[in-house]
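Bear in mind the structure is a predicted one, so any value in this text is a computation, not a measurement. Sequence lines set the chain letters: A, B, ... in the order given, protein chains first and strands last, and positions in each chain run from 1.
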Amino acid sequence: MTQTHDGTAGTPAPEEAGRYDAHAMQERWLPVWDSLAPFRSGAAGDERPKKYVLDMFPYPSGDLHMGHAEAYALGDVVARYWVQRGYDVLHPIGWDAFGLPAENAAIKRGLDPRGWTYDNIAQQRASMRRYACSFDWDRVLVTCDPQYYRWNQWLFLRMHEKGLAYRRPSLVNWCPNDQTVLANEQVVQGLCERCDTPVTKKKLTQWYLRITDYADRLLDDMSQLEGSWPDKVLSMQRNWIGRSTGADVRFRIEGRDEPVTVYTTRPDTLYGATFFVVAADSDLAAELAADAPEQVRQEFGAYVEQVRAASDIDRLATDRPKTGVFLHRYAVNPATGEPMPVWAADYVLADYGHGAIMAVPAHDQRDLDFARAHDLPVRVVVDVRGEDGEPLPDPAESGVATAGDGVLVNSGPLTGLRKAEAIAAMTERLAEEGTGAATTNYRLRDWLISRQRYWGAPIPIVHCDACGEVRVPDEQLPVELPPAEGLDLKPKGSSPLGGAEDWVNVDCPSCGGAARRDTDTMDTFVDSSWYFLRFCSPDRDDVPFDQAEVERWMPVGQYVGGVTHAILHLLYSRFFTKVLFDLGMVSFTEPFSRLLNQGMVLMGGSAMSKSRGNLVRLSEQLDEHGVDAIRLTMAFAGPPEDDIDWADVSPAGSAKFLARAWRLARDVTSQPGSDPATGSAPLRAVTHRTLHDAQQLVESFRFNVAVARTMELVNATRKAIDDPGVGPADPAVREAVEAVAILLGLYAPYTAEDMWAQLGHEPCVARAGWPAVDPALLVEDTVTCVVQVQGKVRDRLEVPPGIGEDELRELALASERVQAALAGRSLRTVVVRAPKLVNIVPA
RNA sequence: GCCCCGGUAGCCCAAUCGGCAGAGGCAAUCGACUCAAACUCGAUCCAGUGUGGGUUCGAAUCCCACCCGGGGCACCA
């Protein structure tokens with residue numbers, strides 16, 4: 001390190017030519033920062049209060065792009081702000097490094113995914129350094145390192161012990177392109193989230209995590225996050241969990257010993273249940289059809305085949321006709337004793353509730369559509385009125401089911417009750433008769449975590465003919481992935497690990513006999529469900545995380561990332577945290593106290609993509625405008641959660657502003673330490689007001705406004721320097737420019753550092769500390785009072801802020817312009833809001 | 001279909017409690033500097049807040065209805 005930054009020693013100013021050169025600054029300060037490591041966190045004896053600021057870690061697919069640039073710029077504002085405020089900030093970074101892109105690239109090039117992955121990590125890491133991310137580089141973690149995924153496996157085993165990890169056969173989502181199963185959360189509109197291929201169904205035995213056990217807590221604990229997480233995310237999670245309350249009702253089926261249970265949210269409408277529907281692809285449907293006449297059996301068989309062949313996309317279409325097959329069986333309505341025809345149909349889902357429903361066509365649109373298509377009876381049992389108080393038209397004729405509130409009719413003892421009363425009464429009666437009970441259902445399904453692909457953490461289970469599923473003992477962890485060399489990684493529907501004979505065949509840890517390893521790997525969302533804990537003690541090799549360190553830092557005080565993870569990653573992480581709480585490993589139940597979702601970076605109104613031809617390359621932007629200008633543009637573009645259209649913003653404008661700010665530092669002629677109290681009072685007021693407001697603004701994520709206020713301060717300072725009455729030697733000017741350097745440090749670290757050096761200070765400006773705001777300077781000596789006549793501004797008065805109402809009223813009424821506007825009319829009211837406003841209302 | 005968010009100048013966006021519609025920027029135009037241009041500096045231009053009602057002394061802000069845009073969930077019984 002040379003003394004180039006040492007302005008006090010008479011060495012040349014950093015930019016002696018007097019020109020702002022973003023690239024020269026980058027070259028100058030990077031090595032300085034490397035050696036000073038201003039963002040190292042958690043040092044022994046560091047007494048600063050702790051704060052955990054976390055950016056969602058990236059997937060290492062090639063170099064950083066514009067989206068990363070936005071996310072990391074915004075996360076950095078928050079992290080740097082708290083450092084400046086005197087906190088010991090944990091701001092780590094790592095890589096979510098397992099996953100399909102690496103594997104697919106490896107297949108394409110015939111290489112091991114490791115090489116591709118670590119090359120990309122090295123590239124991203126270098127880019128992050130240049131981008132001046134304030135990461136603690138001593139805490140880097142990479143999920144595909146055995147030292148990391150070892151603890152994935154360890155956590156899996158703990159869950160397995162608790163029965164929270166289990167294997168079962170079921171109909172699962174299958175992506176024919178990626179040749180692997182998908183979790184429910186990874187299917188978007190019937191398409192694979194990753195590659196947009198239509199998802200099909202397959203019957204497979206797979207590993208699940210029992211997230212449904214935590215549905216209530218995942219839902220109810222959201223009250224803790226209210227106000228600290230975006231409403232949008234909370235509502236998405238609520239929707240996703242989809243809790244509904246209702247009742248289970250048991251129906252006797254003629255010719256079957258066991259009754260069949262259905263779930264309904266409307267037990268009050270039991271008297272209106274006129275038929276019964278079972279999911280066509282359910283076991284129950286097959287069983288009921290088996291005893292039906294031959295012709296029905298054939299019809300049913302053909303129907304089921306057709307249903308199975310239909311993709312999710314077909315199923316999702318809302319205007320599809322309601323199809324089904326009458327099974328020639330009858331269920332008995334427990335309320336009326338009437339026989340109800342049993343149909344098999346695909347509008348009933350096999351894996352929700354019990355895969356069978358009581359159909360109440362009068363009050364459920366889907367049932368009504370089905371009844372009308374198949375000529376089944378419709379019976380109204382709730383008198384639902386419109387807004388005008390008139391009864392709604394008969395659903396059987398109108399084709400519109402009446403699902404709203406009303407009074408029960410044709411319903412035996414329920415008749416005359418309102419909907420809510422009737423639900424309670426019927427639930428009670430079912431319980432008394434032993435034919436039903438109140439119950440809760442969820443849309444949320446258990447989390448399917450097995451993947452039939454190579455590049456993931458192996459599931460640490462051994463299958464033994466004698467002992468069954470055997471957990472790999474902790475001391476044998478990690479179960480390392482075998483080298484890809486010699487394995488056929490091409491997707492073929494079963495895990496490539498099956499081909500690694502030496503790896504698969506092991507002795508059973510329990511009986512020592514011949515056994516085989518489980519060949520599936522874990523969903524990469526398992527990796528990211530606890531990485532924030534690992535950052536607290538990334539080097540511990542005896543435990544997944546150091547509990548004392550976790551208690552010191554967690555929960556994450558500020559999490560920053562894209563809304564694309566609103567459900568998947570955030571729900572899974574919340575789930576893991578609750579499991580770890582139950583295991584006694586953490587003392588909190590929510591991992592992320594505050595969440596900021598940044599928007600996306602668009603170009604010309606749409607998402608950037610190579611195929612669309614609107615790709616903006618980050619590296620080119622950085623070369624053209626410099627790191628600081630790009631970071632500043634990201635912060636200034638608008639509210640962080642809004643999308644940024646790169647066509648609407650001006651990185652060149654940002655660079656211009658930075659140069660303007662930088663020139664202020666160049667022009668200051670006073671020495672460090674000069675007493676600002678002797679300087680220009682008006683400029684001091686602006687400086688302190690700006691510092692004061694910036695705190696509020698940054699803490700509430702209004703970075704764009706905070707930048708605008710910094711621009712104001714720059715403008716005011718420039719005016720002061722050019723004002724002969726103030727000038728560059730005024731200590732208030734120095735105070736203002738130092739404030740600018742510190743404020744800009746949040747968005748434009750290179751420029752700020754250079755300014756700091758020009759001002760004669762040692763690096764780093766990032767650790768300079770937030771200047772104390774003098775409350776006395778925030779008090780204005782006069783306030784502009786607006787005088788309105790009938791709501792229209794007629795005059796302005798300069799008044800002291802503490803002026804009394806009566807005095808202000810007199811002053812306002814004395815105004816010539818007001819009198820002119822009144823034109824002699826008498827007064828009705830005079831509204832006085834001292835000191836800012838008087839409104840005079842003439843009669 | 002249900003739920004949520006938003007609509008302010010040509011554009012991106014501000015506007016603590018209901019109190020002057022404009023903080024900041026982009027673009028445009030003009031001027032100064034320049035041989036000229038770039039840079040820089042200065043100035044100017046531009047909306048009455050999606051529409052219609054209501055509450056109020058006073059509404060971008062609160063209420064109602066509607067229009068437009070974005071998002072989430074969606075045969076979940």
Side-chain angles (χ1 to χ4, degrees), chain A residues 19-20 189 230-244 246 249 262-267 269 273 277 279 315-320 322 345-349 351-360 363-367 369-370 400 403 441-445 563 566-567 599 632-633 636-639 641-645 647-654 656-657 659-660 663 693 696-697 700 702 704-715 718 722 784-796 827-833 836-842:
Chain A
R19 281 206 41 186
Y20 178 86
Q189 304 279 307
D231 290 342
K232 183 178 163 180
V233 174
L234 294 176
S235 95
M236 282 169 76
Q237 293 218 355
R238 284 198 185 96
N239 270 332
W240 190 262
I241 295 167
R243 179 161 64 192
S244 80
V249 184
V262 305
Y263 172 71
T264 177
T265 55
R266 295 293 304 274
T269 60
V277 188
R315 270 191 91 129
L316 281 170
T318 46
D319 50 355
R320 268 170 77 237
K322 293 270 184 296
D346 68 351
Y347 83 93
V348 171
L349 305 177
D351 60 350
Y352 183 79
H354 305 281
I357 62 152
M358 64 179 216
V360 185
H363 307 295
D364 182 287
Q365 190 60 47
R366 297 153 301 182
D367 296 344
D369 293 343
F370 192 83
V400 179
N441 252 296
Y442 305 89
R443 216 187 68 92
L444 181 72
R445 307 290 201 272
V563 74
I567 297 174
L632 184 74
T633 301
F636 184 55
E641 56 276 9
D642 288 2
D643 291 344
I644 298 173
D645 193 327
D648 289 338
V649 296
S650 172
S654 298
K656 215 162 82 176
F657 163 70
R660 199 169 133 78
R663 286 194 302 268
D693 291 357
Q696 280 294 313
L697 291 167
S700 53
R702 298 195 296 158
N704 55 326
V705 185
V707 171
R709 301 299 305 278
T710 306
M711 289 173 168
E712 261 184 290
L713 177 57
V714 167
N715 292 344
R718 170 50 61 194
D722 293 346
T784 306
C785 175
V786 175
V787 185
Q788 302 175 331
V789 174
Q790 220 162 3
K792 284 190 180 158
V793 181
R794 296 299 183 184
D795 202 1
R796 285 157 220 271
L827 305 181
R828 187 145 71 100
T829 17
V830 179
V831 180
V832 183
R833 290 283 175 275
K836 297 188 75 173
L837 179 128
V838 177
N839 190 12
I840 298 161
V841 187

Just call it for [X]: base, sugar-phosphate, or nothing, with non-hydrogen atoms closer than 4.0 Å on any strand.
| X | answer |
| --- | --- |
| A:Phe370 | nothing |
| A:Ile840 | nothing |
| A:Lys232 | sugar-phosphate |
| A:Val649 | nothing |
| A:Gln788 | base |
| A:Arg718 | nothing |

[options]: which one has an atom nearest the side-chain heavy atoms of [X]?
| X | options | value |
| --- | --- | --- |
| A:Asp648 | B:C11, B:G42, B:C57 | B:C11 |
| A:Arg660 | B:G42, B:G19, B:G24 | B:G42 |
| A:Asp346 | B:A77, B:G42, B:C75 | B:C75 |
| A:Ser650 | B:C26, B:C57, B:A77 | B:C26 |
| A:Thr265 | B:A77, B:G24, B:C73 | B:A77 |

Between A:Arg445 and A:Trp240, who's closer to the 5' end of RNA chain B by nearest nucleotide?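 Nearest nucleotide further toward 5': that of A:Trp240.
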Need to verify one output field. Residue with the more 5' nearest nucleotide on RNA chain B, A:Asn239 or A:Val786?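 The residue mapped nearer the 5' terminus is A:Val786.
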For A:Phe370, all residues meeting ring pair (Phe, Tyr, Trp, His ring centres under 6.0 Å), sequence neighbours excluded: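 Applying ring pair (Phe, Tyr, Trp, His ring centres under 6.0 Å) to A:Phe370 gives A:Phe275, A:Trp343, A:Tyr347, A:His374.
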When you compare [N] with [M], how far apart are their [atom1] atoms, in angstrom units rounded to a whole number?
| N | M | atom1 | result |
| --- | --- | --- | --- |
| B:U40 | B:C45 | P | 23 Å |
| B:U16 | B:C26 | P | 24 Å |
| B:A60 | B:U49 | P | 7 Å |
| B:U56 | B:A47 | P | 31 Å |

Report yes if a side-chain nitrogen or oxygen of [X] is closer than 4.0 Å to either non-bridging phosphate oxygen (OP1 or OP2) of [N]; otherwise report no.
| X | N | value |
| --- | --- | --- |
| A:Tyr347 | B:A77 | no |
| A:Lys656 | B:C26 | yes |
| A:Ser244 | B:A77 | yes |
| A:Arg663 | B:C41 | yes |
| A:Arg19 | B:U40 | no |
| A:Asn715 | B:G25 | yes |

Distance-only donor-acceptor test (3.5 Å): side chain A:Asn839, base B:C57: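 A donor-acceptor contact between them is present.
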Look at the side chain of A:Lys322 and the base of B:C75, then say whether one donor and one acceptor between them are separated by less than 3.5 Å. yes
State, to 0.1 Å, how close A:Val262 and A:His354 come at their nearest heavy-atom pair, and which atoms those are.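 That would be C-CD2, 3.7 Å.
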Answer yes or no: is there a side-chain heavy-atom contact under 4.5 Å between [X] and [Y]?
| X | Y | result |
| --- | --- | --- |
| A:Pro639 | A:Asn704 | yes |
| A:Ile357 | A:Asp367 | yes |
| A:Val831 | A:Gln788 | no |
| A:Lys836 | A:Val786 | no |
| A:Arg660 | A:Asn715 | yes |
| A:Arg709 | A:Leu713 | no |

Would you mind calling B:C12 syn or anti? Take O4'-C1'-N9-C4 for purines or O4'-C1'-N1-C2 for pyrimidines, and syn is within 90° of 0.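 Anti, since the glycosidic angle lies more than 90° from 0.
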Syn/anti label of B:G10 as read from its glycosidic torsion, with the cut at 90° from 0: anti
Whole angstrom is fine here: how far is it from CZ in A:Phe636 over to P in B:G25?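 Roughly 7 Å, once rounded to whole Å.
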Mind calculating the distance between CG (A:Asp364) and P (B:G1) to the nearest angstrom?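 Rounded to whole Å, this separation is 16 Å.
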Determine, for A:Asp364 against A:Arg266, whether the closest basic-nitrogen to carboxylate-oxygen distance falls under 4.0 angstrom. no
What N/O pairs connect the protein and nucleotides 14-18 of chain B at under 3.5 Å? Give each pair on its own line.
| unit_1 | atom_1 | unit_2 | atom_2 | d |
| --- | --- | --- | --- | --- |
| B:A14 | OP1 | A:Asn704 | ND2 | 3.4 |
| B:A15 | OP1 | A:Arg702 | NH1 | 2.4 |

